[in-house]
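When reading the values below, keep in mind they use all heavy atoms of this one structure, side chains included, and skip hydrogens, waters and symmetry mates. Note that the structure is a prediction, hence the values are computed from the model and not measured.
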Amino acid sequence: ILVRDDAMPLAHVAIAVEGVGSSNPDVVPLLIASTLIGNWDRSYGGGANHSSRLAQISVENNLGYSFQSFNTCYSDTGLWGIYLVCDGMSIEDMLHFAQGEWMRLCTSVTESEVTRAKNVLKTQLIAQLDGTTPTCADIGRQILSYGRRISLAEWNARIDVRID
């Protein structure tokens, strides 16, 4: 625990494990895994009908206010994890279910879930290029990370590779 303040109404928690660098071929499977965990906020419509199992669990058990899975890559390493917001009495439960979903990624994710996550990831890659400013930021990030710009067609090909 970096900072703990029991007077605050909500806990903001981030937990992560070491990921891979931006040039590692495992970056795409980790992006897909992060998309499988997904993100959720209480203000989203749909309640327990969200595609993320962690969102369903959060709604059914009234555990949290929001969560966001992330995969942050640097030149030679990365962070793969989750950021969540919940009340102070729900921290252990939220972490338990989040880590349970991480374990489920290793044991029992269905092919249809992976296909859905791949499609969502492709959509996110396109949506983040909405305008000249985000497009320029993406070009700069890719030049710094990969030494070149990776086209959407190449990203789609990388995402569509079968992972066994």
Side-chain angles (χ1 to χ4, degrees), residues 13-59 63-85 94-95 97-164:
V13 180
I15 184 171
V17 295
E18 185 176 6
V20 298
S22 56
S23 61
N24 190 304
D26 288 336
V27 73
V28 173
L30 285 175
L31 284 169
I32 294 168
S34 183
T35 305
L36 274 164
I37 299 295
N39 62 62
W40 170 80
D41 189 285
R42 228 180 224 189
S43 65
Y44 291 174
N49 297 316
H50 198 275
S51 60
S52 165
R53 282 181 37 107
L54 186 56
Q56 293 170 7
I57 292 167
S58 296
V59 170
L63 291 179
Y65 288 84
S66 65
F67 68 84
Q68 180 176 347
S69 185
F70 61 86
N71 183 47
T72 303
C73 296
Y74 303 103
S75 61
D76 58 347
T77 190
L79 290 171
W80 188 88
I82 190 166
Y83 167 76
L84 52 95
V85 178
M94 275 299 290
L95 287 175
F97 287 114
Q99 291 171 340
E101 283 301 295
W102 287 5
M103 290 303 299
R104 194 178 75 82
L105 290 176
C106 304
T107 59
S108 58
V109 172
T110 65
E111 188 65 35
S112 64
E113 287 177 299
V114 173
T115 301
R116 182 196 60 80
K118 287 180 175 184
N119 289 334
V120 169
L121 180 57
K122 290 176 186 178
T123 302
Q124 288 173 345
L125 288 172
I126 294 169
Q128 74 184 15
L129 301 177
D130 183 28
T132 56
T133 301
T135 300
C136 288
D138 184 62
I139 292 169
R141 184 185 54 77
Q142 286 189 22
I143 296 294
L144 289 173
S145 297
Y146 307 108
R148 66 185 181 90
R149 175 129 195 246
I150 299 175
S151 69
L152 285 175
E154 185 176 344
W155 273 116
N156 286 343
R158 289 181 181 192
I159 292 168
D160 285 335
V161 170
R162 175 141 175 95
I163 304 166
D164 291 320

From CD1 (I150) to CG (L125), nearest 0.5 Å: 10.0 Å
Minimum-distance pair of heavy atoms, taken over all atoms of F67 and G38: CE1-O, 3.5 Å
Inter- and intrachain pairs under side chain to side chain donor-acceptor pair (under 3.5 Å), touching residues 144-155, at least two apart: R148-E154, E154-R158
From CA spacing to verdict: side chain to side chain contact (heavy atoms under 4.5 Å, CB included), N39, Y44: CA-CA 10 Å; N39 62 62; Y44 291 174; 3.5 Å; yes
Non-hydrogen side-chain atoms of Q124 and T35 separated by less than 4.5 Å: yes
Heavy-atom closest pair, residues V28 and I159: CG1-CA, 3.8 Å
Residue list, side-chain hydrogen bond (donor to acceptor under 3.5 Å, both in side chains) with T77, at least two apart or on another chain: E18
Sequence neighbours excluded, every pair satisfying salt bridge (Lys or Arg N to Asp or Glu O under 4.0 Å) that has a member inside residues 97-108: R53-E101, E101-R104, R104-E113
Listed once per pair and sorted, the side chain to side chain donor-acceptor pair (under 3.5 Å) pairs that draw on residues 66-75, sequence neighbours left out: S34-S69
Pairs under 3.5 angstrom only: tabulate donor-acceptor contacts from the side chains of residues 78-85 to other protein residues two or more places apart or in another chain.
residue : atom : partner : partner atom : Å
W80     : NE1  : L30     : O            : 3.1
Y83     : OH   : H12     : ND1          : 2.6

Side-chain heavy atoms of I37 within contact of L105, under 4.5 Å: yes
Results of side-chain hydrogen bond (donor to acceptor under 3.5 Å, both in side chains) for D41 - residues two or more places apart only: S43
Sequence-distant partners of D160, salt bridge (charged side-chain N to carboxylate O under 4.0 Å, His left out), two or more places apart: K122
Nearest atoms (heavy-atom pairs only) where M94 meets G64: SD-N, 4.0 Å
Student check: side-chain heavy atoms of W40 and I57 closer than 4.5 Å: no
Side-chain heavy atoms of Q128 within contact of D138, under 4.5 Å: yes
Ring pair (Phe, Tyr, Trp, His ring centres under 6.0 Å) contacts touching residues 114-135 (sequence neighbours left out): none
Partner residues of E111 under the salt bridge (charged side-chain N to carboxylate O under 4.0 Å, His left out) criterion, sequence neighbours left out: R162
Rounded distance [0.5 Å steps], CD1 in I32 versus CG in N119: 10.0 Å
Counterpart residues, side-chain hydrogen bond (donor to acceptor under 3.5 Å, both in side chains), relative to S51 (two or more places apart): R116
Side chain to side chain, I15 and L95, heavy atoms closer than 4.5 Å: yes
Any residue meeting side-chain hydrogen bond (donor to acceptor under 3.5 Å, both in side chains) with T107, in chain and number order, not counting sequence neighbours: none
